[in-house]
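To keep things clear, I will list the structure first and then write my remarks on it.
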Amino acid sequence: MASFGQPRPEDNQSVVNRMQKKYWKTKQVFIKATGKKEDEHVVASDAELDAKLEVFHSIQETCTELLKIVEKYQLRLNDYSSNASSVETNIRQLQETSPAL
């Protein structure tokens with residue numbers, strides 16, 4: 001599980017992949033058992049759907065990676081802000097203790 005209780009895309013993808021594999025295996029067994037040929041329009045439709053799913057998963061993976069990068073960037077900005085605040089506090093303390101600076 002990712003932060004905020006949301007499932008990770010990898011978890012969903014593995015479930016989707018397992019379901020797709022089971023579907024295709026079952027479909028092939030059914031076609032062989034019934035001795036029917038696949039309809040060429042169904043095959044073309046399946047190929048088109050597979051292509052769209054592949055694009056979707058690629059976009060989903062890219063967005064997930066981008067989100068990770070943004071989260072790291074936010075953490076680094078917070079660290080920078082904290083460090084800048086500490087430096088500012090130290091400079092003020094030095095100026096109060098040593099007015100000649």
Side-chain angles (χ1 to χ4, degrees):
M1 296 289 274
S3 59
F4 306 109
Q6 296 176 350
R8 294 182 309 206
E10 302 87 43
D11 294 341
N12 291 339
Q13 189 174 6
S14 64
V15 171
V16 170
N17 284 340
R18 285 187 297 208
M19 289 181 67
Q20 284 176 336
K21 288 177 184 177
K22 286 182 182 182
Y23 168 79
W24 287 111
K25 286 179 184 178
T26 305
K27 184 176 179 179
Q28 294 303 317
V29 168
F30 177 77
I31 289 170
K32 287 180 183 179
T34 58
K36 294 182 179 181
K37 286 188 171 183
E38 289 189 63
D39 183 3
E40 64 186 56
H41 298 291
V42 172
V43 171
S45 176
D46 287 348
E48 183 180 338
L49 179 61
D50 287 343
K52 287 180 180 179
L53 282 171
E54 187 175 328
V55 169
F56 171 76
H57 289 302
S58 175
I59 291 169
Q60 185 180 35
E61 184 178 325
T62 301
C63 288
T64 301
E65 291 300 317
L66 184 58
L67 180 62
K68 289 177 185 177
I69 291 168
V70 169
E71 287 174 347
K72 285 181 182 178
Y73 179 71
Q74 183 65 41
L75 289 173
R76 289 183 179 145
L77 280 177
N78 288 341
D79 288 344
Y80 173 77
S81 176
S82 176
N83 288 338
S85 179
S86 295
V87 168
E88 183 179 343
T89 302
N90 289 338
I91 289 173
R92 284 189 186 145
Q93 288 176 350
L94 282 173
Q95 286 176 342
E96 289 173 1
T97 58
S98 305
L101 291 178

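Source: prediction; values computed, not measured.
Not one N or O on the side chain of S98 forms a donor-acceptor pair closer than 3.5 Å with the backbone of Q95. Remark: the backbone N or O of S81 is not paired with any side-chain donor or acceptor of S85 at under 3.5 angstrom. The backbone N or O of E54 sits nowhere less than 3.5 Å from a side-chain atom of S58 that would complete a donor-acceptor pair.
In this structure, the side chains of E71 and L75 stay at 4.5 Å or more apart for every pair of heavy atoms.
Counting only residues at least two apart or on different chains, no salt bridge (Lys or Arg N to Asp or Glu O under 4.0 Å) pair has a member in residues 73-87.
Ion pair E65/K68 flagged as a salt bridge, since at least one NZ, NE, NH1 or NH2 atom sits closer than 4.0 Å to an Asp/Glu carboxylate oxygen.
Applying the side chain to side chain donor-acceptor pair (under 3.5 Å) rule to N78 yields the partners Q74; only residues at least two apart in sequence or on another chain are considered. Residues satisfying the side chain to side chain donor-acceptor pair (under 3.5 Å) criterion with E88, sequence neighbours excluded, are R92. Residues satisfying the salt bridge (Lys or Arg N to Asp or Glu O under 4.0 Å) test with K21, not counting sequence neighbours, are none. Listed by chain and number, the residues in a side chain to side chain donor-acceptor pair (under 3.5 Å) with K72 amount to none (sequence neighbours excluded).
Residue T26 holds its OG1 atom at 11.0 Å from CE of M19, rounded to the nearest 0.5 Å.
Grouped by direct or indirect side-chain proximity (heavy atoms under 4.5 Å, Ile/Leu/Val/Met/Phe/Trp/Tyr only), V87 sits with I91.
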